[in-house]
Number of protein chains: 2
Amino acid sequence: MVSQVDRKLITRKSLMDSALALVAEGNHYSSLSLREVAKRAGVAPNAFYRHFKDLDEMGLALADEFGLLLRLIMRQARLQGLAADSMISDSVNFYVEYVQKEPALFRFMAQSITGGSPAMREAMRNELGHFANEMVTDLNRLGILPHISVTDMNMLGHLAIQTVFGNTTEILDLPESSDNMIEAIRERCTKQVRLIFLGASDWNVQSEKQQKLEDKASRKKKMFKIK
Amino acid sequence: MVSQVDRKLITRKSLMDSALALVAEGNHYSSLSLREVAKRAGVAPNAFYRHFKDLDEMGLALADEFGLLLRLIMRQARLQGLAADSMISDSVNFYVEYVQKEPALFRFMAQSITGGSPAMREAMRNELGHFANEMVTDLNRLGILPHISVTDMNMLGHLAIQTVFGNTTEILDLPESSDNMIEAIRERCTKQVRLIFLGASDWNVQSEKQQKLEDKASRKKKMFKIK
DNA sequence: GTTTCTTGTGTACAGTTGTACACTTATTTT
DNA sequence: AAAATAAGTGTACAACTGTACACAAGAAAC
């Protein structure tokens with residue numbers, strides 16, 4: 001005998017998994033139909049309504065699931081402990097690995113951030129924002145880049161996260177197991193993040209210099225006309 | 001009397017514009033139907049087939065149109081000539097302005113890069129890649145960052161473009177004419193690009209140092225365990 | 001001026017969509 | 001044990017989908 005609430009959770013999960021499967025097979029979430037999701041889950045169309053009023057509502061539930069995955073990733077990354085010298089490349093590798101391990105959820109995330117309902121877009125942005133905040137907290141805790149203001153640390157976190165996440169679709173689009181391509185993306189991304197942190201290490205000093213330069217130059221503007 | 005080919009081009013454009021309008025109103029391109037596009041264009045559903053065999057094919061035509069817009073933007077940016085001291089903030093402002101001027105095409109681009117058909121995703125990536133290449137060419141022509149290798153310049157271009165384009169959806173999602181929000185995004189993005197170029201100015205020197213450091217450290221690894 | 005070609009229309013049809021309503025079945029509550 | 005609740009089914013329907021086919025109107029070619 002199976003409890004009623006267990007049964008309910010099972011088919012709920014089954015519905016969500018079916019939607020993700022359809023997304024992983026190349027469909028866009030917003031072009032899915034309630035009926036094909038239900039069919040895929042082996043359930044009558046009307047059963048859907050016992051769980052969600054809408055595909056939109058189900059989308060938000062999937063966004064939550066993605067949020068859980070992100071938190072899991074962060075926890076694991078911390079537990080494993082990152083070597084100080086290879087922190088950046090390790091983190092990038094870690095991310096790439098997880099994208100390949102959970103292609104459906106990451107595909108869904110990438111789709112939703114630009115193409116979901118307004119509520120979905122906001123939800124996904126919040127998840128990534130939270131990820132960026134956690135990163136900044138860690139940097140502060142480690143005493144890395146102590147010379148940067150709070151606002152600028154947030155700017156930096158946003159930049160780093162966006163850079164890494166920006167590769168998601170490209171990773172997912174690679175033909176199955178073309179390892180050299182993946183390696184190229186991994187390397188490029190690592191370099192990019194490294195360059196970002198290199199810039200960050202000079203940030204405040206240099207930015208003040210730059211400010212003064214701009215003030216001076218605004219009187220006598222040097223212009224570049226290209227070509 | 002109107003020439004036959006003119007008439008054809010007119011309704012073709014009308015179809016494409018209708019699709020863009022529907023996208024701008026919040027629909028995802030891949031959830032549009034041939035019939036609603038035709039209806040919006042004031043044309044019988046079957047007329048669609050005289051121009052495209054598919055909504056997918058029309059999508060590629062729209063991608064071309066976006067490419068044209070990008071080229072126009074680049075040309076205009078060059079003609080206007082950028083002041084050397086405010087090159088970065090000017091470029092960011094220029095981009096933000098154009099996103100607001102052509103919201104439909106940019107929304108379409110943002111949707112398609114993560115959510116279009118495989119062919120569409122590739123097309124959009126190519127357009128942005130071309131944009132990045134042009135940027136790198138300009139930097140070389142101006143003699144900026146001459147110490148960076150070709151590969152790394154491409155990496156840098158990709159990073160800069162991705163950073164700027166990453167703000168597109170966020171800009172488009174802002175409530176109509178909330179100028180202070182736009183200003184915040186503009187500032188953050190400018191800072192990010194500035195930070196990137198700051199990192200780039202130190203790139204080669206520092207990266208060699210870092211390489212050596214990693215080699216040394218790989219024997220005696222310092223580990224951070226957070227919390 | 002006649003024929004041919006091309007763009008767009010109208011009708012038709014089978015398949016799919018979301019959802020309403022009445023139902024079964026099985027678990028919980030009483 | 002009876003009654004109530006809840007999850008899932010089956011049928012039904014009107015709206016919409018892509019597209020095939022025959023056709024109209026006018027421009028282009030001859």
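First the proteins, then the strands, lettered A, B, ... as listed; each starts at 1.
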Could you state the [atom1]-[atom2] distance from [X] to [N], rounded to the nearest angstrom?
X       : N      : atom1 : atom2 : result
A:Leu9  : D:dA7  : CG    : P     : 10 Å
B:Leu55 : D:dG18 : CG    : C1'   : 10 Å
B:Glu57 : D:dG18 : CD    : P     : 15 Å

(request) Give every residue pair that meets the salt bridge (charged side-chain N to carboxylate O under 4.0 Å, His left out) criterion with at least one member in residues 48-67 of chain A, sequence neighbours excluded. (result)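 Matches after skipping sequence neighbours: none remain.
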(request) Only pairs at least two apart or in different chains count here, so list each salt bridge (charged side-chain N to carboxylate O under 4.0 Å, His left out) that has a residue in residues 28-42 of chain B. (result)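 Listed once each, the pairs are B:Glu25-B:Arg40.
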(request) Using side-chain contact (heavy atoms from CB on, under 4.5 Å) as the criterion, list what pairs up with B:Phe94, not counting sequence neighbours. (result)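 Once residues adjacent in sequence are excluded, the partners of B:Phe94 under the side-chain contact (heavy atoms from CB on, under 4.5 Å) criterion are B:Ile73, B:Gln76, B:Ala77, B:Gln80, B:Tyr98.
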Output a table of donor-acceptor pairs, distance under 3.5 Å, between side-chain atoms of residues 164-175 of chain B and any protein atom two or more places apart or on a different chain; print 'none' if there are none.
from, atom 1, to, atom 2, distance (Å)
B:Asn167, OD1, B:Arg188, NH2, 2.9
B:Asn167, ND2, B:Thr163, O, 3.1
B:Thr168, OG1, B:Tyr95, OH, 2.7
B:Thr168, OG1, B:Phe165, O, 2.6
B:Glu170, OE1, B:Arg188, NH2, 3.4
B:Asp173, OD1, A:Arg121, NE, 3.2
B:Asp173, OD1, A:Arg121, NH2, 2.9
B:Asp173, OD1, B:Arg107, NH1, 3.1
B:Asp173, OD1, B:Arg107, NH2, 2.9
B:Asp173, OD2, A:Arg121, NE, 2.7
B:Asp173, OD2, A:Arg125, NH1, 3.4
B:Asp173, OD2, A:Arg125, NH2, 3.0

(message) Among residues 17-54 of chain A, which ones have heavy-atom contacts with DNA chain D below 4.0 Å?
(response)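 Per residue number, the list reads A:Arg35, A:Val43, A:Ala44, A:Asn46, A:Ala47, A:Arg50, A:His51.
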(request) May I ask you to verify if any side-chain N or O of B:Thr11 is less than 4.0 angstrom from the OP1 or OP2 atom of C:dT7? (result)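 Checking C:dT7 against B:Thr11, no side-chain N or O comes under 4.0 Å of OP1 or OP2.
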Residues 12-19 of chain B side chain polar contacts: donor-acceptor under 3.5 Å, at least two apart:
from, atom 1, to, atom 2, distance (Å)
B:Lys13, NZ, B:Asp17, OD1, 3.0
B:Lys13, NZ, B:Asp17, OD2, 3.2
B:Ser18, OG, B:Ser14, O, 2.7
B:Ser18, OG, B:Ala41, N, 3.3

(message) Please check this pair: side chain of A:Tyr29 against backbone of A:Gln111, looking for a donor-acceptor N/O pair closer than 3.5 Å.
(response)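 Absent.
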